[in-house]
Amino acid sequence: MVRDIITKSLGGTMLTKEEIASLFKVPLFSEESAMIIAASRKKSESASGGSAEVHAQVGLNIAPCPKNCAFCSFAARNKVFTEKIEISVDEAVQKAQQFETDGANAVFVMSTADYPFEKFIDISQEIRKSLHSETILVANVGDFTKEQARKLKDTGWRHLEMQEKSVCH
Ligand code: SF4
């Protein structure tokens with residue numbers, strides 16, 4: 001049955017909800033699971049024309065984050081980071097430029113959820129100015145309002161990624 005579903009998908013036919021659900025039930029370490037992975041690889045390679053993207057991330061700060069998402073090493077309750085460290089505008093610009101020089105086509109700029117929004121905007125402006133216009137910037141920040149989203153967009157962000165939900169436009 002899994003083999004039939006894979007053949008159907010590779011043939012370009014949309015899978016039904018039930019078929020997709022049945023793929024999620026396949027045990028991880030099984031022959032069928034390996035077949036799904038190989039088919040996924042084939043599909044993504046054909047969708048992207050065989051090209052890949054290189055993404056790199058500049059972290060503006062390291063600090064215990066009060067949002068406390070259980071999975072995250074920055075969560076205060078996980079006690080991985082106990083000190084607050086921030087990098088300067090110049091350091092952020094230099095790191096982003098280095099990533100671009102090294103071949104990154106998208107640069108994520110990340111901060112913990114309590115990092116001041118205005119400061120993020122100020123540094124973003126400097127980073128945007130220093131990179132080629134075709135280099136995509138992705139803001140990986142805490143929750144933001146509609147107004148803040150507009151401000152990020154005006155600053156030159158093409159992708160906004162909230163830490164608890166994602167918005168791309
Ligand atoms: S908001 Fe982001 S940085 Fe903070 S704990 Fe959650 S995932 Fe980590």
Side-chain angles (χ1 to χ4, degrees), residues 15 17 20-21 23-29 33 36-37 40-41 43-45 47-48 51-169:
L15 300 182
K17 220 176 184 180
I20 293 169
L23 293 181
F24 279 109
K25 291 182 188 142
V26 171
L28 182 58
F29 300 109
S33 170
I36 295 170
I37 293 166
S40 310
R41 161 95 202 162
K43 278 180 82 78
S44 59
E45 201 172 327
S48 66
S51 57
E53 297 215 350
V54 180
H55 294 182
Q57 179 158 283
V58 177
L60 297 185
N61 73 325
I62 289 176
C65 178
K67 290 280 181 178
N68 269 327
C69 306
F71 62 86
C72 180
S73 55
F74 290 105
R77 69 178 181 179
N78 288 333
K79 298 184 173 62
V80 177
F81 300 103
T82 47
E83 282 178 80
K84 288 188 174 196
I85 300 167
E86 290 185 12
I87 62 170
S88 66
V89 184
D90 290 346
E91 277 176 287
V93 167
Q94 190 241 318
K95 281 176 194 290
Q97 280 181 322
Q98 189 62 53
F99 284 140
E100 189 182 65
T101 305
D102 291 344
N105 67 300
V107 177
F108 284 61
V109 180
M110 182 263 169
S111 68
T112 54
D114 57 342
Y115 191 83
F117 182 77
E118 288 306 326
K119 201 168 176 180
F120 190 90
I121 291 289
D122 290 345
I123 299 185
S124 307
Q125 278 165 341
E126 296 307 313
I127 294 175
R128 181 67 279 169
K129 277 192 267 173
S130 74
L131 299 178
H132 300 307
S133 58
E134 63 272 20
T135 300
I136 295 167
L137 279 181
V138 184
N140 186 353
V141 291
D143 289 352
F144 43 79
T145 63
K146 205 186 273 183
E147 290 66 39
Q148 288 174 324
R150 288 207 184 94
K151 203 159 185 184
L152 284 162
K153 193 178 173 208
D154 293 344
T155 313
W157 297 93
R158 280 204 250 155
H159 294 271
L160 309 176
E161 185 171 297
M162 285 179 173
Q163 284 158 354
E164 287 153 80
K165 41 190 181 286
S166 294
V167 181
C168 292
H169 60 113

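In listed order, ligands and their atoms are each counted from 1.
If you number the atoms of ligand 1 from 1 as listed, the ones under 4.0 Å from a heavy atom of Lys67 come out as 1 (S), 4 (Fe). Close approach of ligand 1 to Cys69 is summarised as follows: ligand atoms under 4.0 Å from at least one heavy atom of the residue are 1 (S), 5 (S), 6 (Fe), 7 (S). Remark: ligand 1 atoms within the under-4.0 Å shell around heavy atoms of Ala113 are 1 (S).
Atom 4 (Fe) of ligand 1 lies under 2.8 Å from an N, O or S atom belonging to Cys65.
Looking only at distances, no side-chain donor or acceptor of Gln97 sits under 3.5 Å from a matching main-chain atom of Gln94.
Taking the six-membered ring for Trp and thresholds of 30 and 60 degrees, Phe74 and Phe81 have nearly parallel ring planes, at less than 30 degrees apart.
Applying the side chain to side chain donor-acceptor pair (under 3.5 Å) test to pairs two or more places apart or on separate chains, those with a residue in residues 82-91 are Glu86-Lys119, Ser88-Glu91.
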*List the steps, then state whether salt bridge (Lys or Arg N to Asp or Glu O under 4.0 Å) holds for Glu45 with Arg41.*
CA-CA 6 Å; Glu45 201 172 327; Arg41 161 95 202 162; 3.5 Å; yes
